[in-house]
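Structure first, then comments.
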Amino acid sequence: LITSFNQFQARIRDNENLLREQRSRLDATLEAARMCFIEWVISTEEPVARALLDRVHPEDRDRIATVIARDLATHGQFLVEFRRDQPAVNTPWFMARGRIFDSSATNRQAIAIVWDITEFKMAELALYENEERFEAIVDSLNDAVFLHEGQSGRILFVNAKASEMFGYTREALVSLTIGDLSAGVPPYTQQDAMAWLTRAWEGEPQFFEWRAKDAQGRLFWIEANAR
């Protein structure tokens, strides 16, 4: 009996050592990935883990706490982005995803993983800045500029001069087709325009005259350069 008890204790110690080793590996993996794991028991005093909210910028803390508590109560899970209050050249950004571990348990336990998305956020902000710079440059041109999706010809972007020339708002223009802005009779139809754009899409710049139509139905000539 004593031998069996000692063997049982030895197995417990081995399992405890194995759990500690696995937890150590998990912590090392999370640290390498700039992630952390948070768990807490949901209560009136702590609906959202303090360890999680401590990572949130003070200006955003109440809003993030409200969103997490609401989503856990409604959906049993949450996903949020937030800034972190940390002196740095770039404000650190984090994302947290979590859920209730066992909704049927008396003590509802929640788990969450938090990871650093600063690099992705900076890339996203840089993209927005580049788009704004591109629009500012194109709007300074005295020519109408249309940006088309290559294969479908769908209008993706227009500059201020295009809006002025055709008498539509930018929002209206990107909802129209080339055919809507053309005379509509051969050789100035949607199909004819797509033939020009296809050749340009294939790498051959195109320069041609086109019979256009504005918002009032007025027909006028333009010189088009597609590339």
Side-chain angles (χ1 to χ4, degrees), residues 1-132 135 149 154 156-157 171 174-175:
L1 181 62
I2 293 176
T3 300
S4 298
F5 179 73
N6 289 337
Q7 290 175 343
F8 178 68
Q9 284 189 316
R11 286 199 299 270
I12 291 176
R13 285 194 297 269
D14 290 342
N15 288 335
E16 288 176 344
N17 291 334
L18 180 60
L19 287 173
R20 279 194 293 269
E21 181 181 348
Q22 290 177 339
R23 182 56 189 259
S24 178
R25 289 179 177 176
L26 175 60
D27 290 341
T29 301
L30 291 173
E31 182 179 358
R34 292 183 294 180
M35 296 179 174
C36 72
F37 180 77
I38 298 173
E39 54 185 330
W40 75 99
V41 175
I42 299 174
S43 65
T44 304
E45 294 75 20
E46 190 178 15
V48 180
R50 293 187 181 90
L52 174 54
L53 293 180
D54 285 345
R55 297 173 176 272
V56 182
H57 193 288
E59 294 179 359
D60 304 335
R61 196 166 292 158
D62 288 343
R63 177 178 59 83
I64 293 298
T66 299
V67 170
I68 293 176
R70 180 200 65 201
D71 288 355
L72 282 175
T74 306
H75 308 293
Q77 59 185 357
F78 69 88
L79 176 65
V80 292
E81 288 185 10
F82 57 86
R83 300 176 297 162
R84 184 169 185 178
D85 188 16
Q86 177 177 316
V89 176
N90 294 321
T91 302
W93 281 86
F94 288 80
M95 179 174 285
R97 179 190 294 273
R99 66 181 180 87
I100 294 175
F101 183 70
D102 185 359
S103 58
S104 63
T106 303
N107 293 326
R108 293 195 307 163
Q109 184 178 6
I111 56 176
I113 189 166
V114 182
W115 66 97
D116 188 336
I117 60 168
T118 303
E119 292 181 4
F120 298 102
K121 203 67 178 181
M122 293 302 103
E124 182 182 9
L125 293 175
L127 178 61
Y128 289 149
E129 291 175 358
N130 287 337
E131 288 179 350
E132 290 178 355
E135 290 186 13
E149 197 280 325
R154 184 168 64 91
L156 302 175
F157 169 83
E171 292 76 12
V174 296
S175 68

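Every value quoted in this text rests on a predicted model; they were computed, and no experiment measured them.
Residues Phe82 and Arg55 come closest through the heavy atom pair CE1-O, 3.7 Å. Considering every non-hydrogen atom in both Ala65 and Val48, the closest pair reads O-CG2, 3.7 Å. Between Arg108 and Ile100, the shortest heavy-atom distance links the atoms NH1-CD1, 3.3 Å. Ile42 and Leu72 get closest at one heavy-atom pair: CD1-CD1, 4.1 Å. The heavy-atom pair separating Val114 from Ala96 by the smallest distance is CG2-CB, 3.9 Å.
The structure places CD of Glu39 at 8.5 Å from CZ of Phe101, a figure rounded to the nearest 0.5 Å. Atom CZ of Phe94 and atom CG of Asp116 lie 4.0 Å apart (nearest 0.5 Å). For the atom pair Met95 CE and Ile117 CD1, the distance stands at 4.5 Å (nearest 0.5 Å). Here Trp93 contributes atom CH2 and Trp115 contributes atom CH2; the two are 14.5 Å apart, rounded to the nearest 0.5 Å. Of the inter-residue distances, the one linking Ile38 atom CD1 with Asp54 atom CG reads 9.0 Å to the nearest 0.5 angstrom. We find the CG-CD distance between Asp60 and Glu81 to be 11.5 Å, quoted to the nearest 0.5 Å.
Judged purely by atom type and a 3.5 angstrom limit, Arg84 has no side-chain atom pairing as donor or acceptor with the backbone of His57. Looking only at distances, a side-chain donor or acceptor of Arg61 sits under 3.5 Å from a matching main-chain atom of Leu53.
Here the side chains of Glu59 and Arg83 are in contact, with some heavy-atom distance below 4.5 Å.
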* Verdict with reasoning, Phe157 to Val174, per side chain to side chain contact (heavy atoms under 4.5 Å, CB included) -> CA-CA 6 Å; Phe157 169 83; Val174 296; 5.6 Å; no
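Taking the six-membered ring where tryptophan is involved, the planes of Phe78 and Trp40 are tilted, since the angle between them lies from 30° to 60°.
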